[in-house]
**Q** 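Once you've had a glance at the structure underneath, I'll fire off some questions.
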Amino acid sequence: MLTLNYEHGGEARSACFEVTKAGKLRQVDCSRPRRRKAGLGTAIKAATTAVGIKPCGGCQRRAAQLDAATPGLVAGLLDRLRLAWRRVSP
């Protein structure tokens with residue numbers, strides 16, 4: 001998200017924009033919370049929780065470190081899979 005701060009008539013204002021997949025700017029609500037980009041830690045945590053393994057403190061630290069090292073990895077992989085699926089599906 002891109003936030004543009006400006007002054008209009010002596011009053012401070014701001015406007016927020018995001019870039020669409022088509023590469024165009026779209027104005028968005030500045031108060032809207034930003035989506036967290038899931039990394040590898042979040043994916044592993046979800047998989048282990050799904051099979052019944054309860055996360056401990058070490059698991060939480062590992063997940064946080066992996067997320068910091070691989071931000072947006074899961075979303076990027078899912079986007080690539082969706083594109084590949086569209087190419088092969090009728």
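When a residue number appears, it is its place in the shown sequence, counting from 1.
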**Q** With sequence neighbours left out, write down each residue that passes side chain to side chain contact (heavy atoms under 4.5 Å, CB included) with Leu66, or none if nothing qualifies.
**A**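 So Leu66 forms a side chain to side chain contact (heavy atoms under 4.5 Å, CB included) with Leu40, Ile44, Arg62.
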
**Q** Working to the nearest 0.5 angstrom, can you tell me the gap between Ile53 CD1 and Lys45 NZ?
**A**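 Rounded to the nearest 0.5 Å, the CD1-NZ separation comes out at 13.5 Å.
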
**Q** Only counting residues at least two apart or in another chain, list the ones meeting side chain to side chain donor-acceptor pair (under 3.5 Å) with Gln65.
**A**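 With sequence neighbours excluded, Gln65 shows a side chain to side chain donor-acceptor pair (under 3.5 Å) to no residue whatsoever.
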
**Q** Evaluate the side-chain proximity of Arg80 to Leu77: yes if any heavy-atom separation is below 4.5 Å, no if none is.
**A**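 In short, these two side chains touch, coming nearer than 4.5 Å.
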
**Q** Within the side chain of Asn5, is there an N or O that forms a donor-acceptor pair under 3.5 Å with the backbone of Ala12?
**A**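 No; zero donor-acceptor contacts below 3.5 Å.
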
**Q** Does a side-chain heavy-atom distance below 4.5 Å link Ser14 with Leu4?
**A**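 A side-chain contact under 4.5 Å is absent here.
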
**Q** Is there a path of hydrophobic side-chain contacts, each under 4.5 Å between heavy atoms of I, L, V, M, F, W or Y residues, that connects Leu25 with Tyr6?
**A**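 Yes, because Leu25 and Tyr6 connect within a single hydrophobic cluster, where side-chain heavy atoms sit under 4.5 Å apart.
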
**Q** Which residues satisfy the side chain to side chain contact (heavy atoms under 4.5 Å, CB included) test with Gln27, sequence neighbours excluded?
**A**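 If we apply the side chain to side chain contact (heavy atoms under 4.5 Å, CB included) test to Gln27, skipping adjacent residues, the hits are Ala15, Phe17.
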
**Q** First locate atom CD of Glu18, then atom CZ of Arg26, and finally report the distance between them rounded to the nearest 0.5 Å.
**A**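 These two atoms lie 4.0 Å from each other.
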
**Q** I need the single residue from Glu7, Arg13, His8 that forms a side-chain contact (heavy atoms from CB on, under 4.5 Å) with Glu11. Which is it?
**A**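 Output: one option passes, namely Arg13.
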
**Q** For residues Thr49 and Pro55, report the shortest heavy-atom separation together with the two atoms involved.
**A**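 Looks like OG1-CD, 4.2 Å.
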
**Q** Which pair of heavy atoms, one from Gly41 and one from Asp67, lies closest together, and at what distance?
**A**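 Looking at all heavy atoms of both residues, the shortest contact is N-OD1, 3.1 Å.
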
